[in-house]
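As structure tokens, the structure follows; a few thoughts come after it.
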Amino acid sequence: MPSAARPPEPVPPAAASSPTSSPTGAAKDRGRRRDLAAAGCGLLLFAAVAAIGAYLQRDSPVLRSPWPPLEAWWGPHAGPGTPAALVVAAAVVGYGPGFAARLPSRALPWAVWGAAMAWTWSLALVDGWQRGVAGRLTDSGEYLRGVGRFEDDGVGATLRDFTRHILLHSPDHWGTHIAGHPAGAVLTFVGLDRIGLGGGVWGAVFCITTGGSAAAAAVVTLRLLAGAETARRAAPFLALAPGAVWTGVSADGYFAGVAAWSLALLAIAVTRRPSATAPRTSAAAAAFGCGLLLGAAAYLSYGLVLLVIPVLVLLVCARTMRPLPYVVLGAAVVVAAFSAAGFDWWQAYGLLRTRYFEGYGGIRPYAYWFWGDLGTVVAAAGLASVAGLRRTLAGAPVALRGLRHAWRRGSGADPASGRATAAVLLPCALLLAMLAADLSGMSKAETERIWLPFTLWLPATAALLPRRDHRGWLAAQAVTALLVNHLLLTGW
């Protein structure tokens with residue numbers, strides 16, 4: 001990783017001598033012990049909130065969740081996806097790091113995308129074809145249950161009338177997921193239906209494909225901001241993310257793909273330098289595309305307005321606000337389109353807050369779910385992410401000092417030195433976004449799914465871990481996902 005973003009404990013090279021044969025070796029060894037301690041603390045957090053949740057629900061379902069902190073039911077099982085999941089996990093653990101190191105840079109995102117989809121499909125099929133794939137998006141409260149209303153009444157009329165059916169006491173109120181999201185979420189499935197890709201199977205294929213692309217987008221972003229080496233080191237962890245349990249199949253996996261590509265386009269915009277083959281207009285087009293996707297994300301999930309935090313951090317790290325007008329313009333196009341069609345985002349969000357507290361949101365205790373939501377991050381991001389985040393947070397002060405120095409040097413400074421700090425500060429921004437959502441009181445339970453646009457990024461921090469430990473940490477990631485998927489019947 002470039003020096004501006006280097007954490008206090010850099011990744012050690014292979015050494016012939018013992019790691020404790022020198023002061024530097026001893027420091028490296030301490031760093032590895034701290035990695036294990038951080039992962040242990042993450043595991044302890046999850047175990048604690050699970051145990052406290054079971055205790056609180058011993059007499060009544062006060063937490064309104066079947067197996068807190070996860071939306072799941074205890075039910076050990078296996079399925080047709082079990083052998084495939086074991087094969088994919090073994091292949092990525094055994095060959096992923098070496099394969100990523102040798103693969104051409106342009107091919108790496110495609111390989112990661114393919115591996116992420118193989119991992120997600122195999123995990124989904126552990127629950128069987130109907131429960132794990134075909135029936136996921138057709139359950140009560142899901143998006144596909146509302147597609148028929150758009151067909152019967154017309155898209156325009158239904159969209160203009162959307163907010164009148166959000167509250168629980170309103171006539172023909174929307175199901176849980178449609179009411180809980182802006183109109184863009186259900187309109188996606190209406191659009192798929194219009195082009196002949198309706199139904200649960202095509203919806204599942206769409207969500208898994210777009211959700212898997214989030215890993216590829218993260219690789220693209222890392223390669224631009226922190227260099228090819230960091231992207232290669234992160235690639236196997238992004239492909240084998242435990243969050244794939246909920247990417248297949250939930251629409252939040254699709255939301256995560258949109259969010260990830262918005263950041264990738266912004267990374268292109270801030271790193272693209274004008275030349276004969278890449279004129280300035282290409283950077284502006286990337287920034288405009290970023291704005292379009294950010295606007296789309298805000299109309300897919302209300303919580304994705306928090307993407308403004310990593311967007312601003314990325315711009316500050318790049319030491320430029322030049323793409324910002326194009327980003328704002330792109331987002332404004334989406335806002336204008338939905339507003340012209342009759343959907344009022346602010347009104348809908350206000351009504352959603354009322355409905356949220358009318359339902360389980362008003363019953364679930366905040367004191368438990370503040371910590372319970374953080375426990376779901378451990379499950380969805382994995383223990384390698386917890387260890388990587390330890391190094392990320394340890395490196396944040398150094399990155400901030402380097403960034404401040406770069407800003408003081410002004411235009412004479414190397415832009416790459418400022419951008420490189422994003423490899424450390426971008427995960428911190430994602431953590432800050434999740435903390436803001438947690439503090440808001442509007443995220444009580446189900447965050448293993450809802451926060452996928454943020455948690456699917458976190459495994460990239462494992463690139464900071466010592467290379468010789470990568471296979472062990474990848475195995476920990478795989479075991480986490482396999483245990484969750486085989487011991488629990490997840491709600492998504």
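Keep in mind that this is a model prediction, so the values were computed, not measured.
With contacts defined as side-chain heavy-atom distances shorter than 4.5 Å, the pair D438/L374 qualifies. Looking at heavy atoms from C-beta onward, Q477 lies in side-chain contact with P459 at the 4.5 angstrom threshold. Side chains of V378 and L43 form no contact here, defined as non-hydrogen atoms less than 4.5 Å apart. Between V190 and T158, every side-chain heavy-atom pair lies at or beyond the 4.5 Å cut-off. Looking at P427 and W457, their side chains never come closer than 4.5 Å, going by heavy atoms from C-beta outward. Counting only heavy atoms from C-beta outward, the side chains of W246 and N485 never approach each other to under 4.5 Å. Contact check for P66 versus E71: side-chain heavy atoms found under the 4.5 Å cut-off. Using a 4.5 Å heavy-atom threshold, the side chains of V93 and L240 count as touching.
The backbone N or O of Y360 sits nowhere less than 3.5 Å from a side-chain atom of R64 that would complete a donor-acceptor pair. Side-chain atoms of S301 do not come within 3.5 Å of backbone N or O of A297 as any donor-acceptor pair. Checking side-chain atoms of R233 against main-chain N and O of L464 turns up no donor-acceptor pair under 3.5 Å. With Y366 contributing its side chain and L439 its backbone, the two residues share a donor-acceptor pair below 3.5 Å.
Residues meeting the side-chain contact (heavy atoms from CB on, under 4.5 Å) test with S440, sequence neighbours left out: M442. In this view, E151 and R194 satisfy the salt bridge (charged side-chain N to carboxylate O under 4.0 Å, His left out) rule, not counting sequence neighbours. Residues that satisfy the side-chain contact (heavy atoms from CB on, under 4.5 Å) test with F99, not counting sequence neighbours, are L103, A111. In this structure D373 satisfies the salt bridge (charged side-chain N to carboxylate O under 4.0 Å, His left out) test with no other residue, sequence neighbours excluded. By the side chain to side chain donor-acceptor pair (under 3.5 Å) test, D161 pairs with R164, H165, sequence neighbours left out. Evaluation of the ring pair (Phe, Tyr, Trp, His ring centres under 6.0 Å) rule for W113 yields W110 as partners, not counting sequence neighbours. Taking R160 as the reference, nothing meets the salt bridge (charged side-chain N to carboxylate O under 4.0 Å, His left out) condition, with sequence neighbours excluded.
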Residues 449-456, side-chain donor-acceptor partners within the protein, below 3.5 Å, at least two apart:
{"from": "R449", "atom 1": "NH1", "to": "D252", "atom 2": "OD1", "distance (Å)": "2.7"}
{"from": "R449", "atom 1": "NH2", "to": "E446", "atom 2": "OE1", "distance (Å)": "2.9"}
{"from": "T455", "atom 1": "OG1", "to": "W451", "atom 2": "O", "distance (Å)": "3.2"}

Validation: residues 195-205 side-chain donor-acceptor distances under 3.5 Å, sequence neighbours left out:
none

Side-chain donor-acceptor pairs under 3.5 Å in residues 210-225, sequence neighbours left out?
{"from": "T210", "atom 1": "OG1", "to": "F206", "atom 2": "O", "distance (Å)": "2.8"}
{"from": "T210", "atom 1": "OG1", "to": "C207", "atom 2": "O", "distance (Å)": "3.3"}
{"from": "S213", "atom 1": "OG", "to": "T210", "atom 2": "O", "distance (Å)": "2.6"}
{"from": "S213", "atom 1": "OG", "to": "W261", "atom 2": "NE1", "distance (Å)": "3.1"}
{"from": "T221", "atom 1": "OG1", "to": "A217", "atom 2": "O", "distance (Å)": "2.9"}
{"from": "R223", "atom 1": "NH1", "to": "S105", "atom 2": "O", "distance (Å)": "2.7"}

### Message
The test is side-chain contact (heavy atoms from CB on, under 4.5 Å); show your working for L86 and L482 and say whether it passes.
### Response
CA-CA 8 Å; L86 293 172; L482 291 169; 3.9 Å; yes
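No option in L294, L293, L307 other than L293 meets the side-chain contact (heavy atoms from CB on, under 4.5 Å) test with V258. Each of F255, W346, W345 was checked for a ring pair (Phe, Tyr, Trp, His ring centres under 6.0 Å) with Y302, and the lone residue meeting it is W345.
Separating the CG atom in L431 from the OG1 atom in T392 is a distance of 8.5 Å, to the nearest 0.5 Å. The distance from atom CG of L306 to atom CG of L430, rounded to the nearest 0.5 Å, is 10.5 Å.
Legend: ring-ring contact (aromatic ring centres under 6.0 Å, His included) pairs involving residues 136-158, not counting sequence neighbours, sorted by first then second residue: Y143-H177, Y143-H181, Y143-F189, F150-W174. Contacts classified as salt bridge (charged side-chain N to carboxylate O under 4.0 Å, His left out) and involving residues 454-464 (residues at least two apart or in different chains) are not found.
Ion pairing of R149 with D172 is absent here, as no side-chain N (NZ or NE/NH1/NH2) approaches a carboxylate O to less than 4.0 Å.
In terms of heavy-atom proximity, W492 sits nearest to S250 at CB-CB, 4.1 Å. Taking all atoms of both residues into account, the shortest heavy-atom contact from F343 to P182 is CZ-CA, 3.8 Å. A pairwise comparison of heavy atoms in P69 and F46 identifies CG-CE1, 3.8 Å as the closest pair. Contact detail for R136 and D127: the closest heavy-atom pair is NH2-OD2, 2.9 Å. The heavy-atom pair separating E142 from I178 by the smallest distance is O-CD1, 4.1 Å. The heavy-atom pair separating L474 from P97 by the smallest distance is CD1-CG, 3.7 Å.
Atom OH of Y326 has 12 or fewer neighbouring heavy atoms from other residues, nucleotides or ligands inside a 6.0 Å radius.
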